[in-house]
Amino acid sequence: MKILLLDKNHPLITEQLLAKNFTLEEDFTSSYDEVCNTIENYDGIIIRSRIPLDKNFLERGKNLKFIARVGAGMENIDVVAARQLGIQLINSPEGNRDSVAEHVVGMLLVLMHRLFIASLEVKDGIWKREENRGDELLGKTVGLIGYGNMGKAAAKRLSGFGCKVIFHDILPDLSDEFASQVTLDQLKNSADIVSLHIPLTTETYHLVDEEFISGMKKDFYFINTARGKNVNTGSLVEGLRSGKIKGACLDVLEYEKSSFEHLETENDDLKYLLDSEKVIVTPHIAGWTHQSKEKLAQIIVDKILASFG
Ligand SMILES: NC(=O)C1=CN([C@@H]2O[C@H](COP(=O)(O)OP(=O)(O)OC[C@H]3O[C@@H](n4cnc5c(N)ncnc54)[C@H](O)[C@@H]3O)[C@@H](O)[C@H]2O)C=CC1
Ligand SMILES: O=C(O)C(=O)COP(=O)(O)O
């Protein structure tokens with residue numbers, strides 16, 4: 001089989017697939033149009049999220065048998081078209097869920113204990129104690145939206161910090177030893193912290209908006225490691241300005257073109273988020289550890305070999 005690798009990943013992917021006699025070609029720079037022109041030459045694609053694999057792209061890949069997404073989210077792939085065309089979709093969320101879960105806990109601790117601000121101040125010669133009094137995770141009710149790979153991994157860690165973890169998911173009967181399933185209204189009635197772990201779909205686009213925020217019973221902390229477009233940024237900023245949202249941890253932003261591209265900065269809402277002491281932001285690295293890089297690669301190779309080896 002001839003496979004095109006469109007993103008840089010751990011070298012074990014190439015080493016192990018070459019050893020199994022796959023033919024591999026790497027192209028980490030060509031544009032969407034350029035790749036479209038040659039895609040019919042390949043049986044499979046290995047990708048993260050650099051290029052959108054839309055219907056047009058998939059139809060031109062006449063010989064494609066699989067798309068392997070090194071990671072979890074499939075938003076860059078027209079999943080419906082792929083299925084209609086008989087192209088197998090493979091992803092590897094088991095490889096970065098531990099990284100995401102630790103990032104969630106880490107961001108919450110940094111924000112709630114004011115670690116980043118306090119450290120910057122001390123290094124600047126400023127010694128403020130009362131202003132830097134933090135909030136504990138212990139005893140807080142965390143409401144997760146989406147209880148798949150990422151949500152479950154986050155629940156496991158957060159319950160270890162003494163949080164009561166509840167979640168809302170459209171699939172039924174998902175409660176386990178770490179978290180209890182509730183309706184969205186029940187979550188809004190009791191959560192002190194809201195964390196998103198949903199895919200980006202037409203239903204989840206701007207799921208967190210003015211109505212969601214005003215429906216929250218308590219003031220709350222907000223964390224998003226899912227996708228930027230799950231949140232209406234204007235509403236988020238308004239919630240932060242009014243104090244309804246006590247602080248936000250954002251690994252993803254609405255204005256990301258893809259996780260590999262910079263943000264546009266000429267935007268008042270984004271400027272507020274970047275300037276605010278109540279917000280910490282990371283550049284889409286929740287799932288981006290040295291360990292996840294290797295795990296994602298090994299899992300994707302194992303899944304490719306299980307179907308096509
Ligand atoms: N920041 C980062 O580096 C990373 C971000 N992600 C994001 O996390 C997302 C979730 O990943 P997984 O947990 O692997 O996905 P998953 O498919 O295992 O779980 C998602 C869950 O959300 C539920 N869901 C879907 N629509 C919903 C709605 N409207 N309301 C409530 N629940 C809904 C689904 O039923 C499912 O249980 C990915 O799609 C991706 O966007 C994933 C990995 C790394
Ligand atoms: O696995 C995911 O869904 C991620 O968000 C990781 O993002 P990336 O593959 O680095 O664009």
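Whatever order the structure lists them in is the order used to number ligands and atoms, beginning at 1. Basis for what follows: all heavy atoms, side chains included, without hydrogens, waters or symmetry-related copies.
Of all protein heavy atoms, the one lying nearest to atom 19 (O) of ligand 1 is G148 CA, 3.2 Å. Closest to atom 10 (C) of ligand 1, if we only count protein heavy atoms, is H197 O, 3.6 Å. Looking at atom 29 (N) of ligand 1, its nearest protein heavy atom turns out to be T204 CG2, 3.4 Å. With hydrogens left out, the protein atom closest to atom 9 (C) of ligand 1 is I198 O, 3.6 Å, a heavy atom. Atom 14 (O) of ligand 1 has N149 ND2, 3.0 Å as its closest protein atom, hydrogens excluded (heavy atom only). For atom 44 (C) of ligand 1, the closest non-hydrogen atom of the protein is V100 CG2, 3.4 Å. In this structure, the protein non-hydrogen atom closest to atom 38 (C) of ligand 1 is G73 CA, 4.0 Å.
For ligand 1, the atoms closer than 4.0 angstrom to any heavy atom of P93 are 14 (O). Using a 4.0 Å cut-off to heavy atoms of G73, the atoms of ligand 2 that qualify are 1 (O), 2 (C), 3 (O). Each of the atoms 1 (O) of ligand 2 lies under 4.0 Å from some heavy atom of G71. For ligand 1 and A286, the ligand atoms under 4.0 Å from any heavy atom of the residue are 1 (N), 2 (C), 3 (O). Applying the 4.0 Å criterion to heavy atoms of A72 picks out, from ligand 1, the atoms 14 (O), 42 (C), 43 (C). Heavy-atom proximity to T225, at under 4.0 Å, picks out these atoms of ligand 1: 1 (N), 2 (C), 4 (C), 5 (C), 6 (N), 7 (C). For ligand 1, the atoms lying closer than 4.0 Å to a non-hydrogen atom of A226 are 5 (C), 7 (C), 41 (O). Set against the non-hydrogen atoms of A72, the atoms of ligand 2 under 4.0 Å away are 1 (O), 2 (C), 3 (O). Heavy-atom proximity to L171, at under 4.0 Å, picks out these atoms of ligand 1: 35 (O). Atoms of ligand 1 lying under 4.0 Å from any heavy atom of G287, numbered from 1 in the order shown and given with element: 2 (C), 3 (O). Set against the non-hydrogen atoms of R227, the atoms of ligand 1 under 4.0 Å away are 5 (C), 6 (N), 7 (C), 40 (C), 41 (O).
Between R48 and N9, the closest side-chain pair of non-hydrogen atoms falls below 4.5 Å. By the 4.5 Å heavy-atom criterion applied to side chains, L236 and L273 are counted as neighbours. Between I304 and F22 the shortest side-chain heavy-atom distance falls below 4.5 Å. At a threshold of 4.5 Å between non-hydrogen side-chain atoms, the residues K303 and E94 count as touching. Within the 4.5 Å cutoff, no side-chain heavy atoms of N232 are placed close to those of F212. Between T282 and M107, the closest side-chain pair of non-hydrogen atoms falls below 4.5 Å. T225 places none of its side-chain heavy atoms less than 4.5 Å from the side chain of V252. Side-chain contact check for I46 versus I3: some heavy-atom pair is nearer than 4.5 Å.
The aromatic rings of Y147 and F167 lie parallel to each other, their planes meeting at an angle below 30°, with 60° marking the opposite boundary.
Taking 4.0 Å as the cut-off, L200 does not count as a neighbour of ligand 1 on heavy-atom distance. Look at R50 and you'll find every heavy atom at least 4.0 Å from all atoms of ligand 2. Under the 4.0 angstrom criterion for non-hydrogen atoms, H284 is in contact with ligand 1. Using a non-hydrogen distance threshold of 4.0 Å, H284 registers as a contact of ligand 2. E75 counts as a contact of ligand 1, since one of its heavy atoms falls under 4.0 Å from the ligand.
Using a 4.0 Å cut-off between heavy atoms, K293 makes no contact with ligand 2 at all. The proximity of R227 to ligand 2, defined as any non-hydrogen pair under 4.0 Å, is limited to the side chain. Contacts of D7 with ligand 2, taken as heavy-atom pairs under 4.0 Å, are absent altogether.
Under the 4.5 Å side-chain heavy-atom criterion for ILVMFWY residues, a single connected hydrophobic cluster contains both I213 and L187.
Some N or O of M150 is nearer than 3.5 Å to an N or O of ligand 1, by distance alone. Polar contact with ligand 2: absent for W288 (N/O pair, distance under 3.5 Å). Ligand 1 has an N or O atom lying under 3.5 Å from an N or O atom of D169, backbone or side chain. Geometrically, ligand 1 and D251 share a nitrogen or oxygen pair separated by less than 3.5 Å.
Here atom 26 (N) of ligand 1 lies nearest to I170 when heavy atoms of I170, V104, L187, I145 are compared. Nearest to atom 25 (C) of ligand 1 by heavy atom, out of A154, G146, P199, is P199.
By the 4.0 Å N-to-carboxylate-O rule, D78 lies too far from K55 to be salt-bridged with it. Using a cut-off of 4.0 Å between Lys/Arg side-chain N and Asp/Glu carboxylate O, R157 and E102 are scored as not salt-bridged. Ion pairing of D192 with K246 is absent here, as no side-chain N (NZ or NE/NH1/NH2) approaches a carboxylate O to less than 4.0 Å. In summary, E277 and R114 engage in a salt bridge, as defined by a charged side-chain N under 4.0 Å from a carboxylate O.
No hydrogens or angles considered: nothing links the side chains of S175 and Q181 as a donor-acceptor pair under 3.5 Å.
Remark: atom 17 (O) of ligand 1 lies closer than 4.0 Å to no protein heavy atom.
Counting non-hydrogen atoms of other residues, nucleotides and ligands closer than 6.0 Å to NZ of K20 gives a total of 12 or fewer.
One N or O on the side chain of T201 and one on the backbone of T204 form a donor-acceptor pair closer than 3.5 Å.
Between K271 and the options D275, N267, D268, a side chain to side chain donor-acceptor pair (under 3.5 Å) holds for only D275.
Annotation: cation-pi pair K229/Y205 absent, no NZ/CZ under 6.0 Å from the ring centroid and within 45° of its normal.
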